[in-house]
> 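This is the structure I have questions about; it appears just below.
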Amino acid sequence: MAIRVLPEGIVNRIAAGEVVERPASVVKELVENAIDAGASRIDVELEGGGKTLIAVADDGCGIARDELALALERHATSKLTGDDLEAIATFGFRGEALPSIAAVSRFRLTSRTPKADTAWSFALEGGLKPAAHPAGTRVEVRDLFFATPARLKFLKSPGTEARHALDTVRRLAMAYPNVAFRVLDDGRLVLNLAASQSDLLGGGKDRLAKLVGREFAENAIAVEAVRERIHLTGHISLPTLNRANTRAQFLFVNRRPVRDRVLAGALKGAYQDVLASGRHPIVALFLESPTDSVDVNVHPTKAEVRFRDEGLVRGLIVGALKAALKAAGQQSSTSVAEAALGSFRPGRLPGRATGSPGTSLRNRPGLAEAAAVYHAPLAAPAARVEEAPSDEDVQAYPLGAARGQLHETYVVAQTAEGIVIVDQHAAHERLVHERIKASLEKNGVARQGLLVPEVVEFEEEAIARLIERRAEFAELGLVFEPFGPGALIVREVPALLGEVDSRALLRDLADELAAFGEATALKDRLLEVCATMACHGSIRAGRRLNLEEMNALLREMEATPHSGQCSHGRPTYIELKLADIERLFGRR
Ligand code: ADP
Ligand code: MG
């Protein structure tokens with residue numbers, strides 16, 4: 001068979017296969033181009049979920065008349081001025097998006113530079129024509145995949161495709177609060193974001209509230225840290241506000257939305273002490289890194305990046321998040337208190353108007369469980385109220401002064417601004433957990449030698465990964481040595497673990513290393529053991545406490561990091577502000 005160089009049309013269609021998967025991918029490329037063009041407002045129009053029409057209009061720098069056709073040529077770009085692939089500060093640089101999209105749709109490019117006195121419009125069929133358009137660019141993509149029915153078949157319903165496209169715009173909008181965004185879906189305005197005048201951090205917060213939700217904005221901790229030349233800024237949720245999946249985690253590298261296993265692993269590491277496994281924080285985090293320490297050219301759609309020093313990035317994130325969580329340690333999310341409020345209100349106050357903010361919050365997913373803990377009626381006859389502490393005591397402490405115990409389970413305290421209800425068992429469990437952890441850190445992990453050292457065999461890469469981290473594992477009490485290719489011999493295990501299946505433990509560790517670059521499994525298991533021991537050593541629900549004991553518990557909680565959540569991520573206390581209580585009684 002003769003070898004031939006493929007004609008350009010085919011080459012573009014092949015490239016489209018990589019870059020253009022669905023309407024959302026077209027939207028991504030076009031909106032990125034608009035941002036690269038310095039636009040301050042970007043309008044996206046969809047018809048039929050983007051299958052019939054995708055139009056993106058901006059007020060950016062525009063394209064000069066004699067460059068319109070060139071923009072549709074393969075590998076034609078204005079963004080790579082030198083030949084330095086390591087200094088890319090724009091979304092684009094490959095010059096592939098427009099020709100690829102044009103190869104699989106009916107495509108029209110209309111543009112006007114600020115200085116030109118008229119706009120020009122270019123289409124593959126029909127060529128160049130004068131047009132009416134303000135300064136900026138409008139790209140129209142009609143009948144996507146009309147010539148490739150196989151692709152068309154894979155698209156989902158217009159509603160689903162529109163949702164993906166909207167999601168793409170929302171992610172980009174998060175990193176560009178100074179740009180106004182609008183999305184019209186079949187004529188309906190589904191996203192309308194005004195440009196914020198403040199900087200990324202300040203303006204970012206308003207926009208976050210709009211895009212991720214007010215609940216997040218109210219229960220988020222700000223994070224800011226620098227290591228070497230890498231900056232981290234953004235917001236993370238208090239552990240009590242968490243989700244069952246990672247969909248509400250928004251990560252950006254140099255303002256580019258990314259999916260990245262290094263970053264995902266770092267998040268997991270940062271929260272592992274304060275969240276049950278299987279629960280995930282909500283985050284919006286922005287890494288700014290010099291262009292030479294991150295490679296964005298590893299994936300055609302550039303959704304993945306590669307850091308030159310993964311350990312550095314990981315350390316930066318884990319360190320910054322842990323510090324922020326610790327500083328916010330005693331806080332538990334306001335939504336929990338709101339959920340509790342909601343649970344008091346209906347039923348117990350018959351005849352009152354319903355539909356309070358508390359009531360609706362209560363029904364939000366994930367909160368019902370938290371609310372259920374606090375169903376104990378406040379005016380229970382079992383309440384024991386003892387001698388009242390002085391007002392100074394009340395003012396002095398964040399968790400206030402204990403006033404009594406309800407149902408042998410909840411400690412009620414009065415604070416300067418309201419009341420605090422503590423779940424004594426959950427609180428104490430966290431305190432014991434932290435004590436054990438602190439002693440682990442101080443005295444190291446007791447090891448226990450195996451009578452018969454165990455030989456473990458896995459595939460060679462897995463063994464190599466484990467051997468590489470041998471010193472760290474030894475610190476945690478797990479001691480092993482290489483034992484020929486594909487095998488190692490285990491000599492000691494952490495005493496805390498008791499009888500342990502070392503093969504299963506190492507298998508988990510090897511898998512975690514492969515997935516996240518850091519093994520959390522061993523630490524997890526140690527912490528799980530701590531948690532179990534803590535649970536046994538704790539004040540059980542149902543034990544009577546006197547005022548002194550209650551106050552001691554409150555004071556220790558104030559002095560202990562992470563005391564706002566028990567070892568399983570549930571809140572240890574809730575606070576009701578006087579204002580909330582007044583609202584309950586219709587005083588406000
Ligand atoms: P890339 O973004 O990688 O350069 P594209 O195929 O997406 O490649 O775009 C090709 C070129 O067309 C860009 O480099 C830019 O010069 C021009 N262009 C595309 N969209 C716009 C726009 N909205 N405003 C101004 N110029 C644009
Ligand atoms: Mg581009």
Side-chain angles (χ1 to χ4, degrees), residues 8-9 11-21 23-45 54-105 107-116 119-124 128 131 133-141 144 168-169 172-173 175-176 179-182 254-257 291 295-303:
E8 192 176 315
V11 173
N12 285 338
R13 260 156 55 206
I14 293 172
E18 281 187 328
V19 182
V20 190
E21 186 200 348
S25 14
V26 174
V27 168
K28 170 180 177 293
E29 295 295 337
L30 299 183
V31 171
E32 287 182 353
N33 277 348
I35 293 173
D36 281 346
S40 64
R41 106 166 317 332
I42 299 174
D43 287 333
V44 179
E45 244 176 276
I54 299 163
V56 175
D58 66 61
D59 61 356
C61 65
I63 306 172
R65 176 197 163 175
D66 52 355
E67 289 192 337
L68 281 173
L70 190 58
L72 287 186
E73 298 264 333
R74 200 167 166 66
H75 303 312
T77 178
S78 56
K79 298 170 195 174
L80 209 56
T81 41
D83 49 12
D84 190 357
L85 267 181
E86 298 213 324
I88 291 158
T90 49
F91 279 112
F93 58 87
R94 302 164 69 114
E96 281 184 318
L98 295 190
S100 304
I101 297 166
V104 293
S105 68
F107 188 92
R108 173 170 293 281
L109 185 57
T110 305
S111 195
R112 176 172 163 185
T113 57
K115 289 202 187 105
W120 290 86
S121 181
F122 180 80
L124 289 179
L128 198 61
H133 195 268
T137 303
R138 176 180 166 92
V139 181
E140 269 178 25
V141 175
L144 184 66
T168 303
V169 179
L172 285 165
Y176 288 86
V179 178
F181 286 87
R182 275 197 314 196
N254 293 344
R255 292 200 180 187
R256 192 187 282 282
T291 49
D295 186 359
V296 295
N297 191 24
V298 291
H299 191 265
T301 67
K302 311 176 202 96

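The first residue of the sequence shown is numbered 1, and numbering continues consecutively from there. Read the numbers this way: they start at 1 and go in the same order the structure lists the ligands and their atoms. Everything quoted here is computed from the prediction, not taken from an experiment.
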> Does any non-hydrogen side-chain atom of Ile63 lie less than 4.5 Å from one of Phe122?
no
> Less than 4.5 Å apart, any side-chain heavy atom of Arg65 and any of Leu128?
yes
> Could you tell me whether some N/O pair between Ala76 and ligand 1 is separated by less than 3.5 angstrom?
no
> Closest non-hydrogen protein atom to atom 1 (P) of ligand 1, residue and atom name please, with distance?
Gly95 N, 3.6 Å
> Residue-level breakdown please: for Glu96 versus ligand 1, do any non-hydrogen atoms fall below 4.0 Å on the side chain, on the backbone, on both, or on neither?
backbone
> For ligand 1, which atoms have a heavy atom of Thr77 less than 4.0 angstrom away?
1 (P), 4 (O), 14 (O)
> Which is closest to atom 5 (P) of ligand 1 by heavy-atom distance: Leu109, Val56, Asn33?
Asn33
> Is any NZ, NE, NH1 or NH2 atom of the basic residue among Lys28 and Glu21 found under 4.0 Å from an Asp or Glu carboxylate oxygen of the other?
no
> Taking the side chain as C-beta and beyond, is there a heavy-atom pair between Val104 and Arg13 under 4.5 Å?
yes
> Run the numbers for me: atoms of ligand 1, each under 4.0 Å from some heavy atom of Ala71, listed by number.
10 (C), 12 (O)
> For the residue pair Glu96 and Arg74, establish whether any side-chain heavy-atom pair is separated by less than 4.5 Å.
yes
> Check for me whether Glu29 has a heavy atom closer than 4.0 Å to any atom of ligand 1.
no
> Looking at Pro99, which atoms of ligand 1 are within less than 4.0 Å of one of its heavy atoms?
6 (O)
> Hey, does Ile54 have a side-chain heavy atom less than 4.5 Å from the side chain of Ile101?
no
> As a quick check of understanding, evaluate salt bridge (Lys or Arg N to Asp or Glu O under 4.0 Å) for Glu45 and Arg138, giving each step before the final call.
CA-CA 11 Å; Glu45 244 176 276; Arg138 176 180 166 92; 3.3 Å; yes
> Closer than 4.0 Å to some heavy atom of Lys79 - which atoms of ligand 1 meet that?
1 (P), 2 (O), 4 (O), 13 (C), 14 (O)
> Would you kindly specify which portion of Ser78 sits under 4.0 Å from ligand 1, judged on non-hydrogen atoms: side chain, backbone, both or neither?
both
> With respect to Leu98, determine whether any N or O atom, backbone or side chain, lies less than 3.5 Å from an N or O atom of ligand 1.
yes
> Output the list of atoms in ligand 1 that are nearer than 4.0 Å to some heavy atom of Ala97, sorted by atom number.
6 (O), 7 (O)
> Heavy atoms, side chains only, cut-off 4.5 Å: are Asn33 and Lys79 in contact?
yes
> If you look at every heavy atom in Ala71 and Leu98, which pair is closest and at what distance?
O-CB, 3.7 Å
> Give the residue and atom name of whichever protein heavy atom lies nearest to atom 18 (N) of ligand 1, and the separation in Å to one decimal.
Ile63 CD1, 3.6 Å
> I'd like to check whether Phe93 has a polar contact with ligand 1, where a contact means an N/O of the residue lying under 3.5 Å from an N/O of the ligand.
yes
> Check for me whether Gly60 has a heavy atom closer than 4.0 Å to any atom of ligand 1.
no
> Which pair of non-hydrogen atoms, one from Ala131 and one from Ser121, has the smallest distance, and what is that distance?
CB-CB, 3.8 Å
> Of all the heavy-atom pairs spanning Ala34 and Ile42, show the shortest one and how long it is.
CB-CD1, 3.7 Å
> Closer than 3.5 angstrom, by distance alone: can the side chain of Asp36 be matched with the main-chain N or O of Thr90 as a donor-acceptor pair?
no
> Considering only heavy atoms from C-beta outward, does the side chain of Leu144 approach that of Pro23 to under 4.5 Å?
yes
> Give the atoms of ligand 1, by number and element, whose distance to some non-hydrogen atom of Asp58 is under 4.0 Å.
22 (C), 23 (N)
> Under 2.8 Å from the Mg ion (ligand 2), how many protein N/O/S atoms can be counted?
1
> Cation-pi check, Arg255 to Tyr176: give yes when NZ or CZ is under 6.0 Å from the six-membered ring centre and within 45° of the ring axis, no otherwise.
yes
